[in-house]
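Taking it in order: structure first as structure tokens, then the write-up.
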Amino acid sequence: MEKLKFTKYIDEAIQKEIDDARIAGAQIALYKLGDESGKINEFYRKCYGYADKENKKETKEDTIYRLFSMTKLITSVAVMILYERGKIDLLMPLSHYLPEFKDMMVLDENGERPAKSQITVQQVMNMTAGLVYPDMSFKAGMKMQEAYDNVLYANWKSGKEMNTEEVVKLIAKQPLEFEPGERWRYSTCADVAGRLVEVASGMKFSEFLKKEIFIPLGMKDTDFYVPKEKQDRFSVMYDYDWEKMQLKVAGDNFLGLGDYLNPPKFESGGAGLVTTVDDYAKFACMLANMGEYGTNGERILSSNTVDFMTTNALTDEQKKYFCWEQLKGYGYANFFRTLEDNVAGCTNATHDFGWDGYMGDYVSIDAVSGVVILYMQQKFGGCDNSLIRRIRNIVYGGIDEIEEIN
């Protein structure tokens with residue numbers, strides 16, 4: 001593995017997060033498609049700090065991480081596999097596959113009313129369906145919070161864990177925030193998409209992912225739980241205690257996901273998977289290579305489909321609500337952020353798609369330069385946006401060095 005000059009600045013940026021006790025540990029890996037068709041080069045990799053600070057277990061290359069929302073990208077690929085096979089039509093009403101979504105209500109500042117149109121599958125994939133996450137800051141979010149508290153969490157605490165179908169039917173009973181297609185809202189859409197994969201394929205979601213993605217790509221440590229023999233590699237999940245100004249071990253069952261130590265009944269397409277850097281890199285490099293993983297030549301999707309699914313699908317009106325700090329300059333499609341304006345985003349990357357997760361995991365995929373940035377940590381609230389921007393800009397500041405890698 002070549003030592004490139006710019007990587008010392010990545011070390012400095014991440015090590016400062018460790019030194020300032022903002023995170024317990026982290027791992028970064030950088031990849032580049034080679035001159036040979038589909039050849040993937042890992043040209044930088046480093047582990048930092050602890051996967052389990054309390055027991056002094058250092059972060060290692062085979063540390064297992066919760067993906068949270070980076071699960072969504074895998075769910076997107078699963079949907080697109082079925083799209084390519086004619087099993088899913090994106091313009092069909094969602095209720096064609098999941099009848100429970102046929103007669104939806106909208107709840108906003110004007111009260112509750114029947115939705116004027118049905119949700120389409122495409123709107124689910126683009127987070128414009130009107131579905132919501134539990135959120136006490138607006139009416140529809142409050143209703144979803146009540147449903148999670150009084151049904152999903154209550155059942156979990158009493159030992160009556162709900163399965164994927166039951167959770168999605170619970171989601172369908174709650175009102176939408178707005179008319180389907182009206183705007184963008186980050187939501188339970190990917191959980192719904194996971195159930196859609198089950199119905200369209202006739203397979204359990206986890207079984208479909210293993211057969212169509214994990215086994216072909218050699219993703220041996222990716223699943224909805226960590227088996228007992230691998231649990232010593234599982235990173236602890238942290239939160240920040242603002243009163244004591246220090247990290248603390250976080251509790252389980254965020255969004256009904258449990259502790260990841262046993263196979264769950266609810267297989268969340270939005271947040272449920274665990275993985276290693278090696279495993280997720282294979283998935284990300286497959287996308288960087290437009291659907292094919294170079295090591296064993298497995299084609300998961302066609303290049304046309306990868307191009308389609310990573311091209312912005314939001315209208316100008318919908319984009320008004322796509323306004324998070326880290327998304328400046330980006331569009332959105334099929335659970336992927338998609339770079340459109342590097343000036344607005346203040347990034348020296350010219351092509352980039354990917355997403356991040358609530359634990360701070362982050363992936364950047366560039367199918368033009370062939371560069372993949374993969375960063376993993378485990379702290380509630382996501383990664384510091386400035387850190388991610390700086391890492392990305394350091395990598396692309398070294399693009400001329402990277403281009404020399406065969």
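What you see below is based on every heavy atom in this structure, not just the backbone, and it leaves out hydrogens, waters and symmetry mates. Just so it is clear, the structure is predicted and the values come from calculations on it, not from any experiment.
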| task | Give the C-alpha distance, both sets of side-chain angles, the deciding distance and a yes or no for side chain to side chain contact (heavy atoms under 4.5 Å, CB included) between Leu387 and Tyr362. | result | CA-CA 11 Å; Leu387 174 65; Tyr362 173 88; over 6 Å; no

| Does a side-chain heavy-atom distance below 4.5 Å link Ile399 with Ser369? | yes

| request: Taking the side chain as every heavy atom from C-beta outward, state whether Thr222 and Ile213 have any atom pair closer than 4.5 Å. | output: no

| request: State which residues pass ring-ring contact (aromatic ring centres under 6.0 Å, His included) with Phe353; sequence neighbours excluded, sorted by chain then number. | output: Phe336

| remark: For Asp11, the salt bridge (Lys or Arg N to Asp or Glu O under 4.0 Å) test, sequence neighbours excluded, returns Lys46

| request: Might you work through the side chain to side chain contact (heavy atoms under 4.5 Å, CB included) test for Val132 and Phe138, ending with a clear yes or no? | output: CA-CA 10 Å; Val132 300; Phe138 58 96; 3.5 Å; yes

| task | Please list, chain by chain and in numerical order, all residues satisfying side-chain contact (heavy atoms from CB on, under 4.5 Å) with Asn385, sequence neighbours excluded. | result | Glu325, Gln326, Arg389

| query | Does Asn163 reach the main-chain N or O of Glu165 with its side chain, forming a donor-acceptor pair under 3.5 Å? | reply | yes

| request: Look at Glu317 together with Arg183 and state whether they make a salt bridge at an N to O cut-off of under 4.0 Å. | output: no

| query | What residues, two or more places apart in sequence or in another chain, satisfy side chain to side chain donor-acceptor pair (under 3.5 Å) together with Glu100? | reply | none

| task | Examine distances only and state if a side-chain atom of Thr59 and a backbone atom of Tyr48 form a donor-acceptor pair shorter than 3.5 Å. | result | yes

| query | Which atom names give the shortest non-hydrogen contact between Ala367 and Met290, and what distance separates them? | reply | CB-SD, 3.6 Å

| task | For Leu327, check side-chain contact (heavy atoms from CB on, under 4.5 Å) against everything at least two apart and list the hits. | result | Phe322, Trp324, Arg337, Trp355

| said: If we ignore hydrogens and angles and just use 3.5 Å, is the side chain of Asn289 paired with the main-chain N or O of Cys285 as donor and acceptor? | reply: no

| query | Do Asn304 and Ser302 have side-chain N/O donor and acceptor atoms under 3.5 Å apart? | reply | no

| Backbone N/O of Val121 and side chain of Tyr97: donor-acceptor pair under 3.5 Å | no

| Residues Ser95 and Gln118: side-chain donor-acceptor under 3.5 angstrom | yes

| Considering all heavy atoms of both residues, which atom of Ala288 and which atom of Val372 are nearest to each other, and what is their separation? | CB-CG2, 3.7 Å

| Is it true that atom NZ of Lys87 has more than 12 heavy atoms of other residues, nucleotides or ligands lying nearer than 6.0 Å? | no

| request: Please identify each residue that fulfils salt bridge (Lys or Arg N to Asp or Glu O under 4.0 Å) with Lys204, with sequence neighbours left out. | output: Glu267

| message | Please determine whether a side-chain nitrogen of the Lys or Arg among Glu179 and Arg113 lies less than 4.0 Å from a carboxylate oxygen of the Asp or Glu. | response | yes

| remark: Between Ala284 and Val363, the two heavy atoms sitting closest are CB-CG2, 4.0 Å

| field | Worked check of side chain to side chain contact (heavy atoms under 4.5 Å, CB included) between Met162 and Phe266 | value | CA-CA 6 Å; Met162 298 172 70; Phe266 170 39; 5.7 Å; no

| query | Going by heavy atoms in the side chains, are Met219 and Leu209 under 4.5 Å from each other? | reply | no

| request: Compute whether any side-chain donor of one residue and acceptor of the other, for Arg392 and Thr347, lie under 3.5 angstrom apart. | output: yes

| field | Salt-bridge contact Glu12-Lys16 (side-chain N to carboxylate O under 4.0 Å) | value | no

| query | Do Lys282 side-chain atoms and Gly218 backbone N/O form a donor-acceptor pair below 3.5 Å? | reply | yes

| message | Please check this pair: side chain of Lys379 against backbone of Arg22, looking for a donor-acceptor N/O pair closer than 3.5 Å. | response | yes

| request: Mind checking ring-ring contact (aromatic ring centres under 6.0 Å, His included) for Tyr240 and listing every partner two or more places apart, or none if nothing turns up? | output: Trp242

| message | What I'd like to find out is whether the side chain of Leu4 reaches to under 4.5 Å of the side chain of Tyr44, using heavy atoms alone. | response | no

| field | Trace of the salt bridge (Lys or Arg N to Asp or Glu O under 4.0 Å) decision for Glu340 with Lys319 | value | CA-CA 12 Å; Glu340 290 193 291; Lys319 276 188 183 179; 2.3 Å; yes

| request: Tell me, with the steps shown, if Ile81 and Ile300 meet side chain to side chain contact (heavy atoms under 4.5 Å, CB included). | output: CA-CA 7 Å; Ile81 289 170; Ile300 305 299; 3.8 Å; yes

| message | For residues 61-93, which residue pairs pass the ring pair (Phe, Tyr, Trp, His ring centres under 6.0 Å) check, not counting sequence neighbours? | response | Phe68-Phe254, Tyr83-Phe308

| Below 4.0 angstrom, N of the basic side chain to O of the carboxylate: do Arg185 and Glu177 qualify? | yes

| field | Atom of Pro216, atom of Lys210 and distance for their closest heavy-atom approach | value | CD-O, 3.7 Å

| Under the ring pair (Phe, Tyr, Trp, His ring centres under 6.0 Å) rule, what pairs show up with a residue in residues 107-129, not counting sequence neighbours? | none

| said: Testing the 3.5 Å rule here: is there a donor-acceptor pair between the side chains of Tyr31 and Glu42? | reply: yes

| said: Please determine whether the number of non-hydrogen atoms from other residues, nucleotides or ligands lying under 6.0 Å from atom CZ of Phe380 exceeds 12. | reply: yes

| query | Salt-bridged, Glu166 to Lys169, with N to O below 4.0 Å? | reply | no

| field | Sub-4.5 Å side-chain heavy-atom contact between Cys346 and Lys328 | value | no

| query | Is the shortest heavy-atom distance from the side chain of Gln27 to the side chain of Lys60 under 4.5 Å? | reply | no

| query | Sub-3.5 Å donor-acceptor pair from the side chain of Asp384 to the main-chain atoms of Ser386, do we have one? | reply | yes

| message | The criterion is side chain to side chain donor-acceptor pair (under 3.5 Å); which residues satisfy it with Glu212, sequence neighbours excluded? | response | Arg85

| request: Indicate yes or no for a side-chain donor-acceptor contact from Asp259 to the backbone of Leu261 under 3.5 Å, with no hydrogens or angles considered. | output: yes

| task | Can you sort out the partners of Arg233 under side-chain contact (heavy atoms from CB on, under 4.5 Å), two or more places apart, ordered by chain and number? | result | Asp62, Ile64, Asp221, Lys230, Thr276

| said: Quick check: do Thr350 and Val368 have side-chain heavy atoms less than 4.5 Å from each other? | reply: no

| task | Compare all side-chain heavy atoms of Leu131 with those of Leu176 and state whether any distance is below 4.5 angstrom. | result | yes

| note | In short, ring pair (Phe, Tyr, Trp, His ring centres under 6.0 Å) pairs touching residues 205-225 with sequence neighbours left out are Phe205-Phe224

| message | Donor-acceptor pair, distance only, cut-off 3.5 Å: does the side chain of Thr315 make one with the backbone of Gln318? | response | yes

| request: Examine distances only and state if a side-chain atom of Asn334 and a backbone atom of Met309 form a donor-acceptor pair shorter than 3.5 Å. | output: yes

| Salt bridge between Asp361 and Arg66, side-chain N to carboxylate O under 4.0 Å? | no

| Between Asp352 and Ser364: side-chain donor-acceptor atoms closer than 3.5 Å | yes

| request: Please name the pair of heavy atoms, one in Ala78 and one in Val197, separated by the smallest distance, quoted to 0.1 Å. | output: CB-CG2, 4.0 Å

| If you take all heavy atoms of Thr63 and Ala51, which pair is closest and at what distance? | CG2-CB, 4.0 Å

